[in-house]
Amino acid sequence: MNIDRLVFVFAGSMVLLSVVLTQYVHANFVWLTVFIGANLIQSAFTGFCPAAKIFNMIGIKTGCAFK
C-alpha cells in the first residue's frame with residue numbers, strides 16, 4: 001500500500017471515528033470532523049498533507065499524489 005491510499009484510508013477512518021464520537025461522547029467532537037475536512041481541502045490545493053509526511057518518515061512508499 002502506498003502513501004496515497006493510506007492517506008485516504010486514514011482520513012476516512014478519522015471522519016467515521018469523529019462522527020461516532022460526536023454522536024455518543026460529546027457534540028463538540030464535530031469540530032474534529034471540520035478540521036479533517038479543512039485539511040483535506042487544503043491538501044488538495046497545496047499538495048501538503050501532514051499525515052503523508054508522517055507516513056513517509058516511517059518508510060511507507062510514496063505514490064504520485066503526495067511526495
Side-chain angles (χ1 to χ4, degrees):
M1 183 174 286
N2 62 25
I3 286 178
D4 300 344
R5 290 183 181 201
L6 196 55
V7 165
F8 292 140
V9 168
F10 180 71
S13 300
M14 290 303 294
V15 167
L16 291 175
L17 175 66
S18 66
V19 169
V20 169
L21 289 172
T22 300
Q23 183 69 31
Y24 294 111
V25 177
H26 197 277
N28 281 336
F29 275 108
V30 73
W31 293 108
L32 179 59
T33 311
V34 171
F35 172 75
I36 296 165
N39 189 28
L40 288 169
I41 291 170
Q42 74 81 27
S43 68
F45 286 104
T46 65
F48 174 75
C49 178
K53 294 291 183 187
I54 292 170
F55 294 146
N56 190 22
M57 285 191 300
I58 63 173
I60 306 297
K61 66 180 179 177
T62 59
C64 59
F66 302 108
K67 302 219 183 234

Taken in chain and number order and not counting sequence neighbours, the residues that satisfy side chain to side chain contact (heavy atoms under 4.5 Å, CB included) with I41 are F45
T46: which residues meet the side-chain hydrogen bond (donor to acceptor under 3.5 Å, both in side chains) condition with it, sequence neighbours left out?
Q42
Return a table of donor-acceptor pairs under 3.5 angstrom between the side chains of residues 10-17 and protein atoms on other chains or two or more places apart.
residue, atom, partner, partner atom, Å
S13, OG, V9, O, 2.8

Qualifying residue, where the test is side chain to side chain contact (heavy atoms under 4.5 Å, CB included) with C49 and the options are L40, I3, V7, N56
V7
CG (N2) and CD1 (I60) are apart, to the nearest 0.5 Å, by 9.5 Å
Test of understanding: with side chain to side chain contact (heavy atoms under 4.5 Å, CB included), list the residues that count as partners of M57, not counting sequence neighbours.
I54
Note: P50 and N39 closest approach over all heavy atoms is CD-OD1, 3.7 Å
If you measure from CZ on F55 to CZ on R5, what distance do you get to the nearest 0.5 Å?
15.0 Å
Of all pairs that satisfy side chain to side chain donor-acceptor pair (under 3.5 Å), the ones with a partner from residues 15-38, not counting sequence neighbours:
S18-T33
